[in-house]
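Whatever order the structure lists them in is the order used to number ligands and atoms, beginning at 1. Below, all heavy atoms of this structure are taken into account, side chains as well, without hydrogens, waters or symmetry copies.
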Amino acid sequence: MAPKQTLIVDCDTGIDDALALLYLLGGSGVEIGAVTTVSGNTDAETAALNTLRVLELARRTDIPVSVGARSNWCGDVPLAPHVHGSDGLGNTDLPAPTTAPSPEPAAELIVRLARRNPGALRLLAIGPLTNLATALLLEPDLPELVEHVTIMGGAVRHPGNATPAAEANIHNDPEAARIVLRAGWPVTLVPLDATMGELLTEQHQRRLAERGSPTTLFTSSILDQYFDFYERDIFGERRAACHDPLAAAIAVGDVAPVLAPVVATDVDTGDGPGRGATVADVRGQYRGFPEQQGANVRVVLETERTFPDLLVDRLCGAPEPTRRAA
Ligand code: RIB
Ligand code: CA
(Lines give C-alpha, C1' and ligand atoms only; values in the text may rest on other atoms or scores of the structure.)
(Ligands and ions follow the chains in the order given, each with its own letter.)
Protein backbone atom coordinates (compact mmCIF):
# COMPACT_ATOMS: atom_id res chain seq x y z
CA MET A 1 0.00 0.00 0.00
CA ALA A 2 1.32 3.48 -0.88
CA PRO A 3 2.37 5.45 2.23
CA LYS A 4 -0.08 8.14 3.35
CA GLN A 5 0.91 11.62 2.15
CA THR A 6 1.90 14.07 4.84
CA LEU A 7 2.36 17.79 4.36
CA ILE A 8 4.63 20.09 6.33
CA VAL A 9 3.68 23.74 6.03
CA ASP A 10 6.57 26.17 6.47
CA CYS A 11 5.20 29.67 6.98
CA ASP A 12 5.53 33.18 8.42
CA THR A 13 1.98 33.53 9.73
CA GLY A 14 0.73 36.26 8.43
CA ILE A 15 -2.83 36.98 7.19
CA ASP A 16 -2.64 34.92 4.00
CA ASP A 17 -0.65 32.17 5.77
CA ALA A 18 -3.53 31.92 8.27
CA LEU A 19 -6.00 31.68 5.37
CA ALA A 20 -3.87 28.93 3.81
CA LEU A 21 -3.75 26.92 7.05
CA LEU A 22 -7.49 27.23 7.59
CA TYR A 23 -8.11 26.26 3.96
CA LEU A 24 -6.01 23.10 4.36
CA LEU A 25 -7.63 22.23 7.67
CA GLY A 26 -11.09 22.82 6.26
CA GLY A 27 -11.22 19.56 4.36
CA SER A 28 -8.35 19.14 1.90
CA GLY A 29 -8.04 15.53 3.02
CA VAL A 30 -4.31 15.98 3.47
CA GLU A 31 -2.59 15.18 6.76
CA ILE A 32 -0.62 18.14 8.12
CA GLY A 33 2.33 16.56 9.93
CA ALA A 34 3.70 19.80 11.35
CA VAL A 35 3.86 23.53 10.83
CA THR A 36 7.26 25.20 10.94
CA THR A 37 7.79 28.94 11.10
CA VAL A 38 10.28 31.42 9.73
CA SER A 39 10.72 35.17 10.05
CA GLY A 40 9.05 37.07 7.24
CA ASN A 41 5.71 38.77 7.72
CA THR A 42 6.48 38.64 11.42
CA ASP A 43 9.32 37.16 13.48
CA ALA A 44 9.53 33.37 13.70
CA GLU A 45 8.33 33.21 17.35
CA THR A 46 5.32 35.41 16.71
CA ALA A 47 4.59 33.39 13.57
CA ALA A 48 4.59 30.22 15.72
CA LEU A 49 2.26 31.77 18.29
CA ASN A 50 -0.02 32.98 15.51
CA THR A 51 0.00 29.50 14.01
CA LEU A 52 -0.97 28.01 17.38
CA ARG A 53 -3.81 30.55 17.63
CA VAL A 54 -5.06 29.56 14.18
CA LEU A 55 -4.79 25.84 14.97
CA GLU A 56 -6.73 26.42 18.16
CA LEU A 57 -9.47 28.11 16.18
CA ALA A 58 -9.59 25.06 13.90
CA ARG A 59 -9.44 22.70 16.93
CA ARG A 60 -6.22 21.16 15.67
CA THR A 61 -3.84 21.74 18.55
CA ASP A 62 -2.60 18.19 17.96
CA ILE A 63 -0.44 19.48 15.07
CA PRO A 64 3.11 20.30 16.25
CA VAL A 65 4.40 23.80 15.57
CA SER A 66 8.12 24.39 15.50
CA VAL A 67 10.03 27.68 15.44
CA GLY A 68 12.67 28.05 12.75
CA ALA A 69 15.06 30.68 11.51
CA ARG A 70 14.85 34.01 13.28
CA SER A 71 17.03 35.76 10.74
CA ASN A 72 17.93 34.96 7.17
CA TRP A 73 21.40 34.13 5.89
CA CYS A 74 22.33 37.77 5.41
CA GLY A 75 20.83 39.22 8.58
CA ASP A 76 17.49 40.34 9.86
CA VAL A 77 14.36 40.04 7.79
CA PRO A 78 12.40 43.31 7.43
CA LEU A 79 9.01 42.39 8.92
CA ALA A 80 5.71 43.51 7.40
CA PRO A 81 3.36 45.03 10.03
CA HIS A 82 2.15 47.51 7.38
CA VAL A 83 0.70 44.55 5.46
CA HIS A 84 -0.32 42.09 8.19
CA GLY A 85 -0.87 44.35 11.23
CA SER A 86 1.31 44.71 14.31
CA ASP A 87 0.31 41.24 15.58
CA GLY A 88 0.71 39.67 12.13
CA LEU A 89 -2.97 38.71 12.14
CA GLY A 90 -4.64 41.96 11.14
CA ASN A 91 -4.58 43.49 14.64
CA THR A 92 -7.29 41.06 15.70
CA ASP A 93 -5.56 40.52 19.06
CA LEU A 94 -6.55 36.89 19.45
CA PRO A 95 -5.84 35.63 22.98
CA ALA A 96 -2.49 33.94 23.64
CA PRO A 97 -2.57 30.29 22.58
CA THR A 98 -3.09 27.66 25.27
CA THR A 99 -0.44 25.42 23.69
CA ALA A 100 3.29 26.04 23.13
CA PRO A 101 5.65 25.49 20.20
CA SER A 102 7.65 22.27 20.14
CA PRO A 103 11.24 22.58 21.42
CA GLU A 104 12.56 20.94 18.24
CA PRO A 105 13.99 23.46 15.75
CA ALA A 106 12.12 23.65 12.45
CA ALA A 107 14.87 22.37 10.13
CA GLU A 108 15.54 19.37 12.39
CA LEU A 109 11.85 18.55 12.49
CA ILE A 110 11.62 18.67 8.69
CA VAL A 111 14.59 16.29 8.40
CA ARG A 112 13.23 13.93 11.06
CA LEU A 113 9.79 13.64 9.43
CA ALA A 114 11.37 13.18 5.98
CA ARG A 115 13.56 10.33 7.26
CA ARG A 116 10.60 8.75 9.00
CA ASN A 117 8.37 8.83 5.87
CA PRO A 118 10.76 8.53 2.91
CA GLY A 119 9.00 9.49 -0.30
CA ALA A 120 5.74 10.34 1.44
CA LEU A 121 6.41 13.86 2.65
CA ARG A 122 5.38 16.98 0.79
CA LEU A 123 6.56 20.46 1.73
CA LEU A 124 4.57 23.64 1.29
CA ALA A 125 6.72 26.74 1.83
CA ILE A 126 4.81 30.01 2.09
CA GLY A 127 7.47 32.17 3.72
CA PRO A 128 11.18 32.82 3.12
CA LEU A 129 13.07 29.60 2.34
CA THR A 130 15.58 29.74 5.21
CA ASN A 131 14.26 26.63 7.01
CA LEU A 132 14.21 24.52 3.86
CA ALA A 133 17.75 25.54 2.94
CA THR A 134 18.93 24.76 6.49
CA ALA A 135 17.23 21.36 6.33
CA LEU A 136 19.04 20.66 3.04
CA LEU A 137 22.37 21.41 4.71
CA LEU A 138 21.51 19.12 7.63
CA GLU A 139 20.44 16.28 5.34
CA PRO A 140 21.92 16.40 1.82
CA ASP A 141 19.71 13.41 0.85
CA LEU A 142 16.55 15.39 1.64
CA PRO A 143 15.64 15.72 -2.07
CA GLU A 144 15.40 11.91 -2.32
CA LEU A 145 13.28 11.70 0.83
CA VAL A 146 10.73 14.38 -0.07
CA GLU A 147 8.03 13.77 -2.66
CA HIS A 148 7.36 17.34 -3.73
CA VAL A 149 7.99 20.95 -2.73
CA THR A 150 5.47 23.71 -3.47
CA ILE A 151 6.64 27.26 -2.90
CA MET A 152 4.71 30.52 -2.87
CA GLY A 153 7.28 32.93 -4.15
CA GLY A 154 8.86 34.76 -7.02
CA ALA A 155 7.74 36.97 -9.85
CA VAL A 156 8.49 35.84 -13.38
CA ARG A 157 6.56 37.96 -15.90
CA HIS A 158 5.02 40.11 -13.16
CA PRO A 159 6.64 42.95 -11.18
CA GLY A 160 7.94 42.15 -7.72
CA ASN A 161 6.27 43.28 -4.52
CA ALA A 162 9.34 43.74 -2.30
CA THR A 163 11.34 45.51 -5.01
CA PRO A 164 10.54 46.18 -8.67
CA ALA A 165 12.02 42.78 -9.52
CA ALA A 166 11.67 40.61 -6.41
CA GLU A 167 8.83 38.99 -4.51
CA ALA A 168 8.99 39.16 -0.69
CA ASN A 169 9.51 35.49 0.23
CA ILE A 170 12.44 35.15 -2.16
CA HIS A 171 13.78 38.64 -1.49
CA ASN A 172 13.88 37.97 2.27
CA ASP A 173 16.45 35.20 1.74
CA PRO A 174 17.74 34.94 -1.84
CA GLU A 175 20.68 32.70 -0.91
CA ALA A 176 18.37 30.20 0.76
CA ALA A 177 15.97 30.34 -2.18
CA ARG A 178 18.81 29.58 -4.58
CA ILE A 179 19.82 26.51 -2.55
CA VAL A 180 16.24 25.25 -2.51
CA LEU A 181 15.63 25.77 -6.23
CA ARG A 182 18.94 24.14 -7.13
CA ALA A 183 18.50 21.11 -4.84
CA GLY A 184 17.29 18.77 -7.57
CA TRP A 185 13.91 17.89 -6.07
CA PRO A 186 10.55 18.36 -7.78
CA VAL A 187 9.53 21.98 -7.16
CA THR A 188 6.37 23.85 -8.08
CA LEU A 189 6.75 27.61 -7.78
CA VAL A 190 3.58 29.68 -7.38
CA PRO A 191 4.69 33.26 -8.12
CA LEU A 192 2.91 36.59 -8.16
CA ASP A 193 2.03 35.93 -11.82
CA ALA A 194 -0.61 33.49 -10.55
CA THR A 195 -1.44 34.81 -7.09
CA MET A 196 -2.07 38.42 -8.14
CA GLY A 197 -4.86 37.19 -10.40
CA GLU A 198 -6.75 35.38 -7.62
CA LEU A 199 -8.46 38.18 -5.71
CA LEU A 200 -10.60 38.19 -2.60
CA THR A 201 -13.24 40.93 -2.65
CA GLU A 202 -15.57 42.58 -0.15
CA GLN A 203 -18.27 40.20 -1.38
CA HIS A 204 -16.18 37.27 -0.19
CA GLN A 205 -15.60 39.05 3.10
CA ARG A 206 -19.37 39.57 3.55
CA ARG A 207 -20.03 35.86 2.93
CA LEU A 208 -17.51 34.97 5.64
CA ALA A 209 -19.03 37.41 8.11
CA GLU A 210 -22.57 36.20 7.38
CA ARG A 211 -21.62 32.56 7.95
CA GLY A 212 -20.88 33.60 11.55
CA SER A 213 -18.64 30.71 12.72
CA PRO A 214 -15.55 31.48 14.83
CA THR A 215 -13.34 30.70 11.82
CA THR A 216 -15.28 32.75 9.30
CA LEU A 217 -15.66 35.71 11.68
CA PHE A 218 -11.89 35.61 12.24
CA THR A 219 -11.07 35.38 8.53
CA SER A 220 -13.55 38.12 7.72
CA SER A 221 -11.98 40.41 10.31
CA ILE A 222 -8.33 39.79 9.28
CA LEU A 223 -9.31 40.82 5.77
CA ASP A 224 -10.00 44.37 6.99
CA GLN A 225 -6.28 44.97 7.52
CA TYR A 226 -5.36 43.16 4.30
CA PHE A 227 -7.83 45.20 2.25
CA ASP A 228 -6.56 48.42 3.90
CA PHE A 229 -3.05 47.62 2.70
CA TYR A 230 -4.09 46.60 -0.81
CA GLU A 231 -6.35 49.62 -1.20
CA ARG A 232 -3.69 52.04 0.06
CA ASP A 233 -0.58 50.58 -1.61
CA ILE A 234 -1.55 48.31 -4.49
CA PHE A 235 -4.95 48.46 -6.22
CA GLY A 236 -6.71 51.57 -4.94
CA GLU A 237 -9.63 49.22 -4.25
CA ARG A 238 -10.62 46.85 -1.45
CA ARG A 239 -9.48 43.50 -2.81
CA ALA A 240 -6.50 41.33 -1.96
CA ALA A 241 -4.35 38.59 -3.47
CA CYS A 242 -4.64 34.97 -2.36
CA HIS A 243 -0.89 34.25 -2.33
CA ASP A 244 -0.49 31.49 0.23
CA PRO A 245 -3.96 29.88 -0.01
CA LEU A 246 -3.49 29.45 -3.78
CA ALA A 247 -0.13 27.74 -3.27
CA ALA A 248 -1.78 25.48 -0.65
CA ALA A 249 -4.58 24.55 -3.03
CA ILE A 250 -2.09 23.75 -5.79
CA ALA A 251 0.06 21.71 -3.37
CA VAL A 252 -2.84 19.42 -2.49
CA GLY A 253 -4.21 19.18 -6.04
CA ASP A 254 -7.38 21.23 -5.52
CA VAL A 255 -6.41 23.74 -8.21
CA ALA A 256 -4.95 22.70 -11.55
CA PRO A 257 -2.89 25.50 -13.10
CA VAL A 258 -3.86 26.67 -16.58
CA LEU A 259 -0.24 27.36 -17.58
CA ALA A 260 2.69 25.88 -15.67
CA PRO A 261 5.76 25.14 -17.79
CA VAL A 262 8.78 23.35 -16.34
CA VAL A 263 11.65 25.74 -16.97
CA ALA A 264 15.17 26.55 -15.79
CA THR A 265 14.77 28.85 -12.80
CA ASP A 266 17.30 30.50 -10.50
CA VAL A 267 17.53 33.40 -8.07
CA ASP A 268 19.56 36.59 -8.38
CA THR A 269 21.79 36.71 -5.28
CA GLY A 270 23.80 39.75 -6.38
CA ASP A 271 23.80 43.16 -4.72
CA GLY A 272 22.17 45.06 -7.57
CA PRO A 273 18.56 46.03 -8.23
CA GLY A 274 17.72 42.46 -9.26
CA ARG A 275 18.60 40.94 -5.86
CA GLY A 276 16.01 38.32 -4.95
CA ALA A 277 14.49 38.19 -8.44
CA THR A 278 13.47 34.78 -9.76
CA VAL A 279 14.94 34.39 -13.22
CA ALA A 280 12.96 31.75 -15.10
CA ASP A 281 13.65 30.92 -18.73
CA VAL A 282 10.27 31.60 -20.30
CA ARG A 283 11.69 32.45 -23.71
CA GLY A 284 9.79 29.48 -25.10
CA GLN A 285 6.45 31.12 -24.35
CA TYR A 286 5.69 31.80 -28.03
CA ARG A 287 6.32 28.15 -28.95
CA GLY A 288 4.26 26.43 -26.25
CA PHE A 289 7.25 26.04 -23.94
CA PRO A 290 9.17 23.22 -25.64
CA GLU A 291 11.25 20.91 -23.43
CA GLN A 292 14.25 22.74 -22.07
CA GLN A 293 17.68 21.69 -20.90
CA GLY A 294 18.29 22.39 -17.22
CA ALA A 295 14.57 22.80 -16.53
CA ASN A 296 14.25 22.42 -12.75
CA VAL A 297 11.06 24.14 -11.63
CA ARG A 298 7.39 23.96 -12.59
CA VAL A 299 6.39 27.61 -12.64
CA VAL A 300 2.69 28.41 -12.32
CA LEU A 301 2.08 31.34 -14.62
CA GLU A 302 -1.72 31.25 -14.85
CA THR A 303 -4.66 29.81 -12.97
CA GLU A 304 -8.36 30.10 -13.68
CA ARG A 305 -8.87 33.06 -11.33
CA THR A 306 -11.83 31.43 -9.59
CA PHE A 307 -9.97 30.15 -6.53
CA PRO A 308 -11.26 32.77 -4.01
CA ASP A 309 -14.77 31.27 -4.37
CA LEU A 310 -13.41 27.84 -3.51
CA LEU A 311 -11.45 29.28 -0.59
CA VAL A 312 -14.53 30.95 0.87
CA ASP A 313 -16.67 27.83 0.24
CA ARG A 314 -14.11 25.79 2.12
CA LEU A 315 -13.90 28.24 5.02
CA CYS A 316 -17.68 28.38 5.22
CA GLY A 317 -17.89 24.60 5.11
CA ALA A 318 -20.04 24.67 1.96
CA PRO A 319 -20.21 21.60 -0.31
CA GLU A 320 -17.66 21.93 -3.09
CA PRO A 321 -17.69 20.94 -6.75
CA THR A 322 -15.83 17.73 -7.64
CA ARG A 323 -12.06 18.14 -7.21
CA ARG A 324 -9.86 18.41 -10.23
CA ALA A 325 -6.65 16.43 -10.57
CA ALA A 326 -3.29 18.22 -10.25
O1 RIB B 1 4.75 37.95 -1.44
C2 RIB B 1 3.71 37.30 -0.78
C3 RIB B 1 4.25 36.36 0.27
O4 RIB B 1 5.00 37.11 1.25
C5 RIB B 1 3.19 35.64 1.05
O6 RIB B 1 3.67 34.39 1.43
C7 RIB B 1 3.01 36.53 2.25
O8 RIB B 1 2.43 35.85 3.34
C9 RIB B 1 4.43 36.93 2.53
O10 RIB B 1 5.08 35.90 3.22
CA1 CA C 1 3.55 33.85 3.86
>> With salt bridge (Lys or Arg N to Asp or Glu O under 4.0 Å) as the criterion, how do Glu31 and Arg122 come out once you've worked through the C-alpha distance, each side chain's angles and the decisive distance to 0.1 Å?
In response: CA-CA 10 Å; Glu31 177 184 314; Arg122 286 191 251 169; over 6 Å; no
> Checking side-chain hydrogen bond (donor to acceptor under 3.5 Å, both in side chains) against Thr13, which of Thr42, Thr51, Asn50 comes through?
Replying inline: Thr51
> Going by atom types alone, do Thr46 and Asp43 pair a side-chain donor with an acceptor below 3.5 Å?
Replying inline: yes
> Has Arg314 got its NZ or CZ under 6.0 Å from the middle of the six-membered ring of Tyr23, at an angle within 45 degrees of the ring axis?
Replying inline: yes
>> Tell me whether the rings of Phe229 and His82 are parallel (<30°), tilted (30 to 60°) or perpendicular (>60°).
In response: perpendicular
>> Run Asp12 and Ser39 through side chain to side chain contact (heavy atoms under 4.5 Å, CB included) and show every step you take.
In response: CA-CA 6 Å; Asp12 55 343; Ser39 295; over 6 Å; no
> If you leave out waters, which protein N, O or S atoms are less than 3.0 Å from the Ca ion (ligand 2)?
Replying inline: Asp12 OD1, Asp17 OD1, Asp17 OD2, Ile126 O, Asp244 OD2
> Does Asp87 use its side chain to pair, donor to acceptor, with the backbone of Asp93 at less than 3.5 Å?
Replying inline: yes
>> For a quick test of reading the model, state the closest non-hydrogen atom pair linking Ala162 to Glu167 and the distance between them.
In response: CB-C, 4.1 Å
Under 3.5 Å, N/O to N/O: give me all the pairs between ligand 1 and the protein, one per line with atom names and distance.
unit_1: ligand 1; atom_1: 1 (O); unit_2: Asn161; atom_2: ND2; d: 2.9
unit_1: ligand 1; atom_1: 1 (O); unit_2: Glu167; atom_2: OE2; d: 2.4
unit_1: ligand 1; atom_1: 4 (O); unit_2: Asn169; atom_2: OD1; d: 3.1
unit_1: ligand 1; atom_1: 6 (O); unit_2: Ile126; atom_2: O; d: 3.0
unit_1: ligand 1; atom_1: 6 (O); unit_2: Asn169; atom_2: ND2; d: 2.9
unit_1: ligand 1; atom_1: 6 (O); unit_2: Asp244; atom_2: OD1; d: 2.6
unit_1: ligand 1; atom_1: 6 (O); unit_2: Asp244; atom_2: OD2; d: 3.1
unit_1: ligand 1; atom_1: 8 (O); unit_2: Asp16; atom_2: OD1; d: 2.5
unit_1: ligand 1; atom_1: 8 (O); unit_2: Asp16; atom_2: OD2; d: 3.2
unit_1: ligand 1; atom_1: 8 (O); unit_2: Asp17; atom_2: OD1; d: 3.1
unit_1: ligand 1; atom_1: 8 (O); unit_2: Asn41; atom_2: ND2; d: 2.9
unit_1: ligand 1; atom_1: 8 (O); unit_2: Asp244; atom_2: OD2; d: 3.0
unit_1: ligand 1; atom_1: 10 (O); unit_2: Asp12; atom_2: OD1; d: 3.3
unit_1: ligand 1; atom_1: 10 (O); unit_2: Asp12; atom_2: OD2; d: 2.8
unit_1: ligand 1; atom_1: 10 (O); unit_2: Asn41; atom_2: OD1; d: 3.3
unit_1: ligand 1; atom_1: 10 (O); unit_2: Asn41; atom_2: ND2; d: 3.4
unit_1: ligand 1; atom_1: 10 (O); unit_2: Asn169; atom_2: OD1; d: 2.8

> Measuring from Leu311:CG to Thr219:OG1, what's the distance to the nearest 0.5 Å?
Replying inline: 8.0 Å
